[in-house]
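Report on the following structure.
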Number of protein chains: 2
Amino acid sequence: MKKKRTSITDIANTLQVTPSTVSRALNGGGKVSEKKRLEIISLAKKLGYRPNPIAKSLLENRTNTIGLIIPEFTHHFYSRMLSGIESVTSKAGYQLLICTSNEDQNQEIKSIHTLLDARVDGIIATISKMNDKFEHLQEVMDNDTPLVLVDRFSEEIETPYVISDDFKGAFSAVDHLCQIGCRKIMHIKGPDNLSTTFNRFMGYKEALRKHEIELDERLILEGSNPDLVEKIKSCLENNWVDGAFAYSDYLAFEIYKAASQLTIPIPGQLSVIGYADEPISTYINPTLSTVNQQPFEMGVTGAKYLLNKINDPEIALEIKNLETKLVIRESCRRLEG
Amino acid sequence: MKKKRTSITDIANTLQVTPSTVSRALNGGGKVSEKKRLEIISLAKKLGYRPNPIAKSLLENRTNTIGLIIPEFTHHFYSRMLSGIESVTSKAGYQLLICTSNEDQNQEIKSIHTLLDARVDGIIATISKMNDKFEHLQEVMDNDTPLVLVDRFSEEIETPYVISDDFKGAFSAVDHLCQIGCRKIMHIKGPDNLSTTFNRFMGYKEALRKHEIELDERLILEGSNPDLVEKIKSCLENNWVDGAFAYSDYLAFEIYKAASQLTIPIPGQLSVIGYADEPISTYINPTLSTVNQQPFEMGVTGAKYLLNKINDPEIALEIKNLETKLVIRESCRRLEG
DNA sequence: TAGTTTAGGTCAAACGTTTGACCAATATAC
DNA sequence: GTATATTGGTCAAACGTTTGACCTAAACTA
C-alpha cells in the first residue's frame with residue numbers, strides 16, 4: 001500500500017485550524033493573519049506538503065495534461081516532433097500522456113478513448129496513414145476537447161492543424177537541381193494514395209515547368225516497385241539522367257546503390273536529393289542533400305496552437321503549411337559545361 | 001469552458017435511484033434487481049457514460065499512470081526502449097506520463113518531482129549520464145513509489161534495474177573478429193568516466209586474452225580525440241590493423257572514413273564492428289556489423305519489473321544484465337590464409 | 001452611543017466515485 | 001407463528017482541495 005502523503009487537512013488538524021485557512025494561507029487568498037500564515041507555511045514545508053493535483057482536477061474539471069497520439073516512436077521524424085511538443089508543453093506546465101497507434105486506425109480510436117477517459121485538456125494527434133473513419137475525431141470535438149492535428153490532416157474535420165509544405169519542399173529540391181545545370185531529372189515516387197506522394201510529385205512537375213524542361217515519363221519511377229534498383233540502373237545506363245529527386249532519403253539510397261553498381265560517380269555525374277533529412281544522410285557517403293521538414297518546429301507550432309485553443313476555445317482556426325528547408329550536401333554538384 | 005460529462009449522479013437522478021445503486025449496477029456489486037440493472041446500463045450507454053478516473057484515483061490513491069524519464073526522444077535507442085515499455089504498460093491498462101531530462105541532472109530532479117506530484121503509480125527512469133546526486137531517487141523510494149532504472153543504474157540506490165551487458169557484448173564482437181582470423185584488432189574507446197566505456201573495453205581485452213593475442217597499446221584510440229581520423233589512418237597505413245571494434249556505430253563510421261581515404265577495402269582488408277545497431281548500419285556501404293543491445297526488450301523487462309513491484313511492493317529485488325545480440329553484416333569477412 | 005467596517009477566521013458544498021453500515025420488506029426455516 | 005435469512009435498496013463517509021457564505025469580535029465613524 002502506498003504511503004499516504006501529507007494533506008492540507010493534516011496540516012489543519014495539527015495547527016487547530018480549518019482546511020480552508022490552510023488553503024488560503026498557501027495560495028494567498030487573504031483572510032489569514034500574518035502569524036498564522038507563516039506558521040502554516042513553515043509546517044507545510046517541514047512536512048513536505050505538495051498539493052494533490054487529483055483533487056484539484058476533480059474540482060476544476062481540468063487535468064493540466066495533454067494527450068498525444070503518434071504513429072510510432074522509432075521514426076526519427078516523430079521523435080523530433082515529440083521533442084518540439086514537449087519543449088512547449090512542459091514550459092507551460094502541462095504534462096504529456098502519450099499513446100501510439102502503430103498506423104492502425106482501430107488502435108488510434110482506442111487511444112482517443114483512453115485520452116478522453118483520462119480527461120486530458122487537449123489532444124495532439126497524427127492520424128494514421130490510411131484513415132477512413134472520423135467519428136472518433138468528431139467525438140473529441142463534440143466533447144469540447146481541443147484537438148490539433150500534426151503532420152497529417154483531414155478535410156472532414158475542422159480543427160487546427162500543422163502540416164509540412166510538400167509541394168514547396170519538392171519544388172525547392174528540383175528547382176535547385178535545375179539551377180545547378182541538371183536537365184534530365186528522375187523522380188522516384190512514394191506510396192500510392194498518399195497526399196504527400198501526390199504533392200511532392202506536383203512540386204517536381206512545377207519546377208520542371210518553371211525551367212521549361214519537358215517531363216520525361218521514363219524518368220518517373222514507382223518507389224514500391226520490387227526491382228526498383230534495376231529500373232534505376234537502366235535509366236542510368238542509357239544516360240537518360242543527370243539528376244534525381246526521391247520521395248524519401250531511403251529511396252535516394254536506392255539510387256546510390258544503382259549508381260554504385262554501375263560505378264557512376266555521385267555527384268560527379270549525377271546529383272541526388274532525398275527527402276526528410278534522416279540523421280543517416282550525414283553519415284552516408286557522399287552525404288545526401290535532402291529536404292528538411294522541420295519536425296521540431298512542427299511540434300512546437302502544433303503545441304502552441306493547442307495551448308491557444310485551450311486558453312480560448314473560440315479562437316479563430318489556426319492552420320499552417322510549414323516551410324521546409326533545403327539542405328545541400330555532397331550529393332549535389334554543379335554540372336560542368 | 002469544457003462540457004460537463006455525464007456522471008453517475010446524473011444517471012441516478014433521472015432514474016430516481018441513488019448513485020450507490022448506479023455504481024453497483026455498473027460494476028456488479030450485487031444488491032440491485034435485474035430490472036433496474038438493465039435499465040441503468042441502457043441509460044448509461046445512451047448517455048455515453050464513461051467513469052471518471054480522476055474521482056476513482058482520489059479515492060483509491062492510485063492513478064493507473066506510470067511516469068517515465070528518458071534523456072531524449074531522438075536517440076533511436078531510447079525510442080525503441082520507449083516502444084518496449086509502452087507495449088507492456090498499455091496492455092496492462094496503464095498510461096504513460098513522459099518527461100525528458102536532456103541528460104541534465106537538474107532537469108531530471110525536476111521531472112521526478114513532477115511525476116511524484118502527479119501521483120504516478122511507479123516510475124521508470126534512465127538517469128542522466130553524469131550523476132552525483134541521489135536524493136531525488138531516494139525521495140521516490142521514501143515515498144513508496146516503485147522505481148525501476150533502465151539502461152543505467154546506480155549502486156547508491158537499491159531498486160530493480162535492467163542494463164545491457166556491455167562486457168559480453170564487446171566480448172562477443174571481438175571474439176568474432178578473432179574467429180574470422182583477425183589478430184591486429186583496433187579499439188576506439190567511448191567517453192571517459194562512463195561505465196559503458198570501461199566495460200566494453202574490458203570485454204575487448206578479455207576476448208584478446210582468450211585468443212592469446214597480446215594487447216597493442218597503439219591500437220587503443222580515444223573516440224573523443226579531435227583528429228581521430230588521422231590517428232586511425234596512421235594505424236592503417238602502418239599495416240598495424242586487420243580488424244576494428246568501435247565503442248559506437250558512429251565511431252565505426254570514422255574508421256570507414258579513414259579506410260575510404262586510404263582506399264583500404266572493407267571488409268577485404270579490414271573487418272569492422274560497431275556498437276548499438278543504429279538503423280543507419282544497414283544503409284551504409286558496406287553494411288555495418290554491430291552489437292544490438294535489444295532496447296525493446298530492455299523496455300519490456302523494465303516495465304514488467306515495475307508492474308511486479310507495483311503489484312507486490314515486497315517482491316525480491318529484480319535486476320537484469322540483458323544479453324546483447326551480435327549482428328554480422330558485410331563489414332566482416334574471414335581473412336584468407 | 002449606535003451603527004458600520006474590517007480582520008480573521010469557520011462552515012459547508014462541490015467535484016465523481018466507492019463502500020461499509022444500515023433498513024425495510026419479503027421469503028424461508030422450523 | 002415466530003425467528004431468521006435474503007433481496008434490493010438507501011445513507012453517509014471518504015478521498016483532497018477550493019470557495020462563497022457566514023460569523024464574531026474588535027476597531028472605526030458620525
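Order of the sequence lines sets the chain letters (A, B, ...), proteins ahead of strands, with each chain counted from 1. Just so it is clear, the structure is predicted and the values come from calculations on it, not from any experiment.
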For [N], does OP1 or OP2 lie under 4.0 Å from any side-chain N or O of [X]?
X       : N      : result
B:Asn27 : C:dT18 : yes
A:Lys36 : C:dG8  : no
B:Lys56 : C:dG16 : no

Tell me whether the side-chain N or O atoms of [X] pair up with the base of [N] as donor and acceptor below 3.5 Å, since no angle test is needed here.
X       : N      : value
A:Lys31 : C:dG8  : no
A:Ser23 : D:dT19 : no
A:Arg24 : C:dT10 : yes
A:Ser20 : C:dC11 : yes

Whole Å only: how far is the [atom1] atom of [X] from the [atom2] atom of [N]?
X       : N      : atom1 : atom2 : value
A:Leu15 : C:dG9  : CG    : P     : 11 Å
A:Asn64 : D:dT18 : CG    : P     : 13 Å
A:Arg62 : D:dT18 : CZ    : C1'   : 14 Å
B:Leu59 : D:dT17 : CG    : C1'   : 15 Å
A:Arg50 : D:dG16 : CZ    : P     : 16 Å
B:Ile54 : D:dA14 : CD1   : P     : 23 Å
B:Asp10 : C:dA14 : CG    : P     : 14 Å
B:Glu60 : C:dT17 : CD    : C1'   : 9 Å

For [X], which contact category applies under a 4.0 Å heavy-atom criterion: base, sugar-phosphate, or nothing?
X       : answer
A:Ser33 : sugar-phosphate
B:Ser7  : sugar-phosphate
B:Lys35 : nothing

B:Arg152 CZ to B:Thr196 OG1 distance, which is reported to the nearest 0.5 Å: 8.0 Å

Gap separating the CG atom of B:Leu96 from the CG atom of A:Leu68, nearest 0.5 angstrom: 11.5 Å

So which nucleotide from D:dT10, C:dC11, C:dT17 ends up closest to the side chain of A:Thr18? C:dC11

NZ/NE/NH1/NH2 to OD/OE distance under 4.0 Å, B:Asp10 and B:Lys4: yes

Looking at A:Glu39 and A:Lys36, does any basic side-chain N land under 4.0 Å from a carboxylate oxygen? no

First of A:Gln16 and B:Leu58 reached from the 5' end of DNA chain C, by closest nucleotide: A:Gln16

Most 5' of B:Arg37 and A:Tyr49 on DNA chain D, judged by nearest nucleotide: B:Arg37

Both B:Thr21 and B:Ala55 contact DNA chain D. Which one's nearest nucleotide lies toward the 5' end? B:Thr21

In this structure, are over 12 heavy atoms from other groups packed under 6.0 Å from A:Lys304 atom NZ? no

Does a side-chain heavy-atom distance below 4.5 Å link A:Val150 with A:Tyr305? no

